[in-house]
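Here the structure comes first, spelled out in structure tokens, and everything after it is commentary.
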Amino acid sequence: MLEKHLICISCPIGCELSAGRESDDSTWKITGNRCPRGEAYALAELTDPRRVVTAVVRSNSPVQPLLPVRTDQPLPKRFIDRLLNHLYTLTVKTPVKCGDVLIDNVENSGVRVIFSCDCEK
Amino acid sequence: MFTYDVAVIGAGVSGASTAYQLGHYHVSAILLEKCADVGFGVSKANSGIIHGGFHHPVSSLKAKLEIRGNFMFDKLQYELDFPFRRNGILVVAFSEEEMATVRKLYEQGVANGVRNLEMCGRDRLLRLEPKLNAEVIGGFFAPSGGTIEPYRYVFSLVEAAVRNGVNLHCDFKVEQCENDGEAWLLTAADGRRVRARYVVNAAGLYADEISRLSGAEEFTIHARKGEEYLLDRNSKARPERVIFPVPTKHSKGVLVIPTAEGTTMIGPTADPADDKEDTSTSSDHMARIVALVRQMVDGISVRDVITSFAGLRPVLDSEDFYIAPSEKVPRFIQVAGIQSPGLTASPAIGEYVKDLLKESGLTLTEKKDYQYDLPRHREVRHESLEALDRLHAENPAWTHLVCRCEKISEAEIVEAVRKGHRTLDGVKFYTRAGMGRCQGGFCSARIMQIISRESGIPLEELTKKGGDSRLLAGRLGELPVQTEMEAGK
Amino acid sequence: MIHLQSCDIAVIGAGAAGLAAAAETAAAGRSTIVIDREELPGGILRQCIHNGFGLTYFKEELTGPEYACRITGLARQAGAELRLGCAVISAVRNADGTFELTLLSAADGVTKLTARALILAMGCRERNRGNLAIPGTRPAGIYTAGAAQKLLNLEGVLPGRRAVIVGSGDIGLIMARRFRWSGIEVEAVIEIMRHPSGLPRNIAQCLNDFGIPLHLEHSVIEIGGRERVEYVDVAPLSDGVPQLERKFRILCDTVLFSVGLIPENELSAELGVELNPATGGAVVDCDCQTSVPGVFAGGNVLHVHDLVDFVSAEAAAAGRAALRYLDGQPAAAKNPVRAGANLKYAIPNYFSPARTTEFSFRPLILSNDATLTAELNGETVWKRRLRHIRPAEMLKAQLPGDLLQQDGELVFNLIQEEVQHA
């Protein structure tokens, strides 16, 4: 019996999840979650851990020299460092709106990087 | 190479006061400071008390200069516009034993020629200071005592000196001091050199080293540490007068100080320090200090503490000031051991040193065109709304508040930077921005931006207090992000 | 010329609280002016670029700046006027019951604003090293977590290269991850309590993800370094006393403090608002009305919340109550509410008979099985068993009005069924 313990990050409650399985090939059974998102989080975390990435990029705006950005969905963890190192080299042109796409498809993962604020000038 | 008449080493209260005096005469003088700004050593971190002239017997040099210095402050304040109030000192006793000491101090003060000292019974004391604990049995009142913002006082002295032709070099740490027979050649750590006929050694904690470097007298300055705790300006315990306990052998005790800028300070401790740069604070002292002052004012609470700091007093074995021409080398004035009441004495120290220079052969002719009054400090917190409205019309930065706790405007910060205060601490001590209850949590980033904008120094090169005290480590993106290793751990 | 202006409702602070309150009052047609010192609205949310906000108030997971955009949009669309880059330097209550605020701004100079009601939404400030009197030297490199967050996220500069974080509050945890994501090393997080002060998910995704050690029941006994921070000395605590023989040194150039928040009530005090020592905020009735009639408070200025969503919800309720006040409705009754066993405080401080009221509590214990009870005049009128109680997490309970039919004192107790010391 293999058992792993996780803390769910889907919402502020932070359920303490247990994942167990009989052998390497059997499926994980998740307990401790209070909602289906907990189970989904645990299964993803065990096979393909992902995180929503938030960061800032430089801009040419005199009012907001840094603009916040985020991924529109969790990004596989292995891509995070490269994405951040790339984002810090950018200087973007304003105006931008919340939700405007900065990077369309990070490392072919299907994940986008979008702006997370409005900047008019 | 230009030869100055006088080089003053150390821009603390003693050196600044000497430079201020020299500004009145037709001499060329230069003030040399090892730190990034003036007053950054002993003078920055002390209790800010103008003492009442009763703590020391008049036979000592320090008592003579203390009494004379105290007299000089009103005129200086009028001319130089620094925060100073004669709110009076109370020395209070809680036992008959302490009363005996109080009587001795009172008599010493009278013998020293201090005027208006008043022995007080309990009721009179409580009327003079309602915040005192009711168990007080007696004490005396010294109305000529008061409080001052010591760094602001140093800034003003130096501004007046500079305005009247004295030069100032900061970041000038004297590492060599050689006499070529006619003049002294002073070399700084960074290689800069200054030549001057006379040297005034007002190097505070390092006066012994400067003396040794110069081949003058051998003596040792010991550092005696004092920790102070600053309370929120809303503290209900703030008294009106400075409250002293009866003194001990080595210190005037732990005081409750209503500062000239409206906050309350408690302290100082008095402990020997092995290291002249050791301005660290310790945890056991806070509890001890609070317990001590609560015996005098019980409303003081640990919850009101917004920050603490420590300063070092330069102490000679004699415990007195040592202000005299060197007997070993020519044209060299020692100004050493200026511990408490050095701040009070400082106007008189400057005058005394000026006289010693004259006695040593320096020709001093008074300037007819001495520039007296410094331009008034304009500070949002002290201006009426009508005045603020007018200031806004001149420059909108006057009504842009940067430091919310102490109500400091952008215009005040810009002025500080333009006057040469280019470190975060320099701006803080000049303007009070960052000195309030949030301790710069909200405004430091904004102040740094303003310093950078006005001085042209890139943000990431700004320092807290000069030297290697860099505030930042660079720009985002300069350090590579490498987290995957940890994720695998 | 000193500008004179008047409005129905002045809101002090354009963060998650003030904007939510203003959205309510402006939507009801009351002229509303929101004042904030910053040039852009949103308050501290603007620098909180991470996600995790908005799940209850906007039913959607948002980052701080997105939440700020949304809530600003709500206030503006409702017709609230935002007065930005503007500081309130004094607030007084006039004899006629209106309020006069003195405003300073670079744009307008001096303005005197008369308002019929006030909503306090100033938020809080961070406790800092000075408040704790942490011993040691005073070099560069000592920051509060929020100040460091501002430098990184709004200025794009690095506060240091190698940090130790003091306190495991959420802002500190979030900054641990932000530092790692900016290339800054995080050597450790030091917490004096037995349990973390931040949310579990932040322990997971901000510390565990990066292998950052969390030293519980440890305290920083000294900060060292002359010009820039060079190290901190840390010791384990035993009954709150540092075990100096077991102290260890962590080399670092930066110390971040995330040791709690203090509601910013200096203006409230100037107005004569009664303050509650347990929260640092105002004493309020079930309408978020303070001891000064016409002055309402909501959000972190009232008590420190864990979640911005609750900040907005509470301040929106304060806004609706201010509307009722302007409509001339009588103030809510003031029957005392007291925090009893194992609770640090209960807000509001008063209940009004028959009014359904949502109470907020800060527990003093950690438990996986406890019962929260409400006793009205000694008789238990309500209880609920709770399976997850952490001092870091605020408790909320809505009591239906029909349970609170009589005047008297309402006492809340948190009774442990089983105690767990983490």
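Note on naming: letters A, B, ... go to the chains in the order of the sequence lines (proteins, then strands), and numbering restarts at 1 for each one. All figures in this text were calculated on a predicted structure; none of them were measured in a lab.
Of all the listed residues (C:Glu222, C:Met1, C:Glu126, C:Arg129), the one sharing the greatest number of non-hydrogen pairs under 4.5 Å with chain B is C:Met1. Contact count against chain C (heavy-atom pairs under 4.5 Å) is highest for B:Arg404 among B:Arg404, B:His400, B:Glu478. Your options are B:His285, B:Glu460, B:Arg470, and the one with the most heavy-atom pairs under 4.5 Å with chain C is B:Arg470. Chosen from C:Ala140, C:Gly136, C:Ala87, C:Ala133, the residue pairing most often with chain B at heavy-atom distances under 4.5 Å is C:Gly136. If you tally non-hydrogen atom pairs under 4.5 Å between each of B:Met286, B:Lys465, B:Met448, B:Glu227 and chain C, the highest count goes to B:Lys465. The residue among C:Gly225, C:Ser105, C:Pro139 with the most heavy atom pairs within less than 4.5 Å of chain B is C:Ser105. Options B:Ser409, B:Gly467, B:Ala310 differ in how many heavy-atom pairs under 4.5 Å they form with chain C, and the most are formed by B:Gly467.
Proximity to chain B (any heavy atom under 4.5 Å) is restricted, for C:Ala107, to the backbone atoms N, CA, C and O. Proximity to chain B (any heavy atom under 4.5 Å) is shown, for C:Glu270, by neither the backbone nor the side chain. Both the backbone and the side chain of C:Arg125 come within contact range of chain B, each with at least one heavy atom under 4.5 Å from a heavy atom of that chain. With a 4.5 Å cut-off on non-hydrogen atoms, B:Arg437 touches chain C through its backbone and its side chain both. Using a 4.5 Å cut-off between heavy atoms, B:Arg381 makes no contact with chain C at all. Proximity to chain C is limited to the side chain of B:Asn234, based on heavy atoms less than 4.5 angstrom apart. Proximity to chain B (any heavy atom under 4.5 Å) is shown, for C:Ser182, by both the backbone and the side chain. In this structure, chain B has a heavy atom under 4.5 Å from the backbone of C:Asp108, while its side chain stays farther away. Only the side chain of C:Asn128 has a heavy atom closer than 4.5 Å to any heavy atom of chain B. Of the atoms belonging to C:Thr254, not a single heavy atom falls under 4.5 Å from chain B. Interface residue C:Tyr143: only side-chain heavy atoms are found under 4.5 Å from chain B. Both the backbone and the side chain of B:Ser308 come within contact range of chain C, with heavy atoms under 4.5 Å apart. When heavy atoms are compared at a cutoff of 4.5 Å, C:Ile2 approaches chain B by way of both its backbone and its side chain. Contacts of C:Ile134 with chain B are made by backbone atoms alone, with heavy-atom separations under 4.5 Å and no side-chain atom involved. If you measure heavy-atom distances from B:Leu388 to chain C, the contacts under 4.5 Å come from both the backbone and the side chain. Contact of B:Glu386 with chain C is made through backbone and side chain together, with heavy-atom distances under 4.5 Å.
Here the side chain of B:Thr399 pairs a donor or acceptor atom with the backbone of B:Pro396 at under 3.5 angstrom.
No side-chain donor from either of C:Arg138 and B:Thr307 sits under 3.5 Å from a side-chain acceptor of the other. A donor and an acceptor atom, one from each side chain of C:Arg83 and C:Gln5, are located under 3.5 Å apart.
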CA sep, side-chain torsions, deciding dist, call: C:Asn202, C:Gln205, side chain to side chain donor-acceptor pair (under 3.5 Å): CA-CA 5 Å; C:Asn202 287 336; C:Gln205 63 185 349; 3.2 Å; yes
Evaluation steps, side chain to side chain donor-acceptor pair (under 3.5 Å), between C:Arg226 and B:Ser469: CA-CA 8 Å; C:Arg226 263 195 194 148; B:Ser469 65; over 6 Å; no
Stepwise side chain to side chain donor-acceptor pair (under 3.5 Å) test for B:Ser280 and B:Lys225: CA-CA 9 Å; B:Ser280 62; B:Lys225 191 193 283 190; 3.3 Å; yes
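B:Arg432 pairs in a side-chain contact (heavy atoms from CB on, under 4.5 Å) with only one of the listed residues (B:Glu412, B:Glu379, B:Glu406, B:Lys407), which is B:Glu406.
Taking the ring axis of C:Tyr231 as reference, the NZ or CZ atom of C:Arg249 stays within 45° of it and closer than 6.0 Å to the ring centre.
Side-chain contact between C:Leu84 and C:Glu38: absent, with no pair of heavy atoms (C-beta onward) separated by less than 4.5 Å. Side-chain contact between C:Leu256 and C:Val166 is absent, with no heavy-atom pair separated by less than 4.5 Å. Side-chain contact between B:Leu231 and B:Met265 is absent, with no heavy atoms from C-beta onward closer than 4.5 Å.
Heavy-atom neighbours of C:Ile192 CD1 from other residues, nucleotides or ligands within 6.0 Å: at or below the threshold of 12. Atom CG of B:Asp190 sits in a crowded spot, with more than 12 heavy atoms from other residues, nucleotides or ligands closer than 6.0 Å. Residue-environment remark: CZ (B:Arg303) stays at or below the threshold of 12 foreign heavy atoms within 6.0 Å.
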